[in-house]
Amino acid sequence: MSETNTQPSEETNAAADEALQVLLIEDNPGDARLIQEMLHETEELAKRVRPGEVSGRTPDISCATRLEEALETLADEHIDIVLLDLNLPDSEGLSTLETVHEASETPIVVLTGVRDQQIGVKAIQRGAQDFLVKDEVTSELLIRTIHHAIERARQQRERRQQREQLEALNRLNRIGHDITHAVITTETRAELEQQVCDRLAESDAYRFAWIGELNPGSDRVSPKAAAGVEDGYLDEIEVTVDENKKSGQGPAGTAIRTEQVQVMNDARTDPKFEPWRTQAHARGYRSSAAVPIVYEDLVYGVLCIYSSSSRAFREPETAVLVRIGDVIAHAITAIERRDALVSDAVIELEFRVESLAEPLVELSVSEDCTITLEQLVSGDEALLAYGSARDVSQDAFIDAAERTGGISDIRVLTSRRDEFEFELVAPTAVSLFETIATHGGRVAEATIDDGEFRFIVELPRGRDTRQMIELIKDRRDDVTYLAQRTTERSERGDTHAVSVLEDELTEKQRAALETAYFGGYFDWPRESTGEEIADRLGIAPATFNQHLRTAERKFFESVFGE
């Protein structure tokens, strides 16, 4: 991950191309005219304050005779320097200076009509950069004073910004240290995410923090943990990762999509933040940063932080945020892997498909029956499906199966009073299930019931579920993602046996063993001969026997070897 590029120089360059902006606050017409003439008669001021400007550029002077008028100008326009008379029709004395100083960071030079050093000292103590006695003002003195006032204000502003930036950086580093400690002490992902948000919200610098993750099967980002001044914010907004939607062009969606930190400097003016501006303004959010939580190719989510100050996230802070995002991602990965080892948990994704095996789907409605595919074995040229049908006659089932496109053969293996087991050969379904297997998943079960065809894909804990969902949808546009849940693999069978099947056997050995088992080869009397199983797998009987014997030996070695 890398931080976003900021462009603070644009405003500076724009300002350098403009004439110096002077606001003269003076109610005496004669004094005002004299000051304006002094400024218009010289080019020296522009050369000193704007060294790169072309010769002959004189300052732009705005005039105000009342304090109220001056404050409006300061609010609406960019001003480089204020020349201020303390005594105005609507304000007098040092209170005039205090009001102007509180309203703007623009440097102020006080114009006084009395030769009183004490007034000048008090004026500087209360925010003025300098003061001039009107009767003693000359063009040279005025130019020098304005130049020094602007330069001192610039230096003070830079020192203050550096100090604030250093404080922010130290504060964020402390938060990063605390988050690292939380990583060591937390037991679950939910606990870790909540502690991260709590620690950020504890800081006076940040008003609100939340962590969201991408909803499997959709482009929406859903909150997982939050802390601070939220007041229903997450309930009122929508965040997505779709760059074609306004809801996907903000910091959070862009951070997930690009895997880079995104900074929003001012909620009032940033055009990409428009969908959330009203809600953010109501809660005092002025700027934000969105930190992607990514480990290798796994995108776990995004950490969003909000501040009540504009431009609260500058380059040094963004670098620390990148590290915090990396720490969180590594921690989540460690927790997921530990849980997978301890609990052997797996993720199940459930889907519905609209236009697959339609005669069998119709049969489930007309006969009120349930058809379950319990095991899928991928051969060289076809997919073998072993399952059971309940509450339907064999003849009706076989008739529907023969009318189902993509099924080339069907056999009934065993039969009981209200249920029978069968084998289907389906060449056309191979591509979808090969795609699932290639990306680390397997179809654990498929069910046709009450007019719906549903199937469950099983993934190891920690895999990118969104990638699997998108792959399946790309293969078939009639697939609908329904749900995600976490289950214990031990609930589905002995973990040792599963480990042997997955880790010790080759694909062909496993296919031979599974097909033989589900095809009734081990039953007595046998439901399938070795030749029939070999034919189903598209291999020679001798090859089938070789794969089967090798698989049996490996399996029994794992059981009895110790």
Inter-residue atom distance Asp270.CG - Gln249.CD, 0.5 Å rounding: 11.0 Å
- line: Residues Pro275 and Lys272: closest non-hydrogen pair is CD-O, 3.7 Å
- request: Could you go through the side chain to side chain donor-acceptor pair (under 3.5 Å) check for Asp80 and Gln21 one step at a time?
  value: CA-CA 5 Å; Asp80 293 301; Gln21 302 297 314; 5.5 Å; no
query: Under the 3.5 angstrom rule, does the side chain of Asp90 hit a backbone N or O of Leu67 as a donor-acceptor pair?
result: yes
- prompt: If we only count heavy atoms from C-beta on, is the Phe131 to Ile119 side-chain gap below 4.5 Å?
  reply: no
- prompt: Going from CG on Leu471 to CD1 on Ile469, what distance comes out if it is rounded to the nearest 0.5 angstrom?
  reply: 10.0 Å
- line: Rounding to 0.5 Å, atoms CZ (Arg268) and CZ (Arg286) come to a distance of 3.5 Å
query: So Lys224 and Glu193, salt bridge (Lys or Arg N to Asp or Glu O under 4.0 Å) or not? Walk me through it.
result: CA-CA 8 Å; Lys224 302 292 289 183; Glu193 292 173 337; 5.9 Å; no
- prompt: Are any side-chain N or O atoms of Ser95 and backbone N or O atoms of Ser91, one a donor and one an acceptor, separated by less than 3.5 Å?
  reply: no
message: Any carboxylate oxygen within less than 4.0 angstrom of a Lys/Arg side-chain nitrogen, looking at Lys245 and Asp219?
response: yes
- request: Could you tell me whether Glu98 atom CD has more than 12 heavy atoms of other residues or ligands within 6.0 Å of it?
  value: yes
message: Would Asp27 and Asp85 count as a side chain to side chain contact (heavy atoms under 4.5 Å, CB included) here? Give the steps.
response: CA-CA 8 Å; Asp27 67 325; Asp85 183 6; 3.5 Å; yes
field: Ring centres under 6.0 angstrom apart (Phe313, Tyr306)
entry: no
- request: Would you check if the side chain of Thr138 reaches a backbone N or O of Leu141 as a donor-acceptor pair within less than 3.5 Å?
  value: yes
Close side-chain approach of Ile293 to Val302, heavy-atom, < 4.5 Å: no
message: Between Thr96 (side chain only) and Leu86 (backbone N and O only), is there a donor and an acceptor less than 3.5 Å apart?
response: yes
- request: Answer with yes or no whether the side chains of Ser247 and Thr240 bring together a donor and an acceptor at under 3.5 Å.
  value: yes
- prompt: Does CD belonging to Glu68 count more than 12 external heavy atoms closer than 6.0 Å?
  reply: no
Carboxylate-amine/guanidinium proximity below 4.0 Å for Glu274 and Arg277: no
query: Are Arg189 and Glu191 ion-paired here, with the side-chain N under 4.0 Å from a carboxylate O?
result: no
task: Give a yes or no answer on whether the side chain of Trp276 reaches the backbone of Glu238 with a donor-acceptor pair at less than 3.5 Å.
output: yes
- prompt: His101 side chain to Leu97 main-chain N or O, any donor-acceptor pair under 3.5 Å?
  reply: no
query: Given side chains that start at C-beta, do those of His148 and Asp130 come closer than 4.5 Å, heavy atoms only?
result: no
message: Do the side chains of Lys134 and Glu26 get close enough for a salt bridge, i.e. N-O under 4.0 angstrom?
response: yes
message: Closer than 4.0 angstrom, basic N to acidic O: yes or no for Glu105 and Arg157?
response: no
message: I need the single residue from Thr480, Val457, Ile456 that forms a side chain to side chain contact (heavy atoms under 4.5 Å, CB included) with Glu350. Which is it?
response: Ile456
- prompt: Is the closest side-chain heavy-atom distance between Arg454 and Leu482 below 4.5 Å?
  reply: yes
Side-chain donor or acceptor of Gln484 paired with backbone N/O of Glu348 under 3.5 Å: no
Backbone N/O of Val109 and side chain of Gln129: donor-acceptor pair under 3.5 Å: no
field: Salt-bridge contact Glu230-Arg283 (side-chain N to carboxylate O under 4.0 Å)
entry: no
field: Derivation and outcome, salt bridge (Lys or Arg N to Asp or Glu O under 4.0 Å), residues Arg154 and Glu151
entry: CA-CA 5 Å; Arg154 183 188 64 78; Glu151 182 61 22; 2.2 Å; yes
Any side-chain heavy-atom pair of Leu214 and Val299 under 4.5 Å: no
- prompt: How many angstroms lie between CD1 in Ile108 and CD1 in Ile79, if you round to the nearest 0.5 Å?
  reply: 12.0 Å
message: Contact between Gln156 and Pro107 at the side-chain level, heavy atoms closer than 4.5 Å - yes or no?
response: no
field: Beyond-backbone contact of Asp60 with Val22, side-chain heavy atoms, under 4.5 angstrom
entry: no
message: Less than 4.5 Å apart, side chain to side chain, heavy atoms only: is that true for Thr112 and Leu132?
response: no
message: Can you confirm whether or not the ring centre of Tyr295 sits under 6.0 Å from the ring centre of Tyr300?
response: no
statement: In short, Leu71 meets Ala103 closest at the heavy-atom pair CD2-CB, 3.7 Å
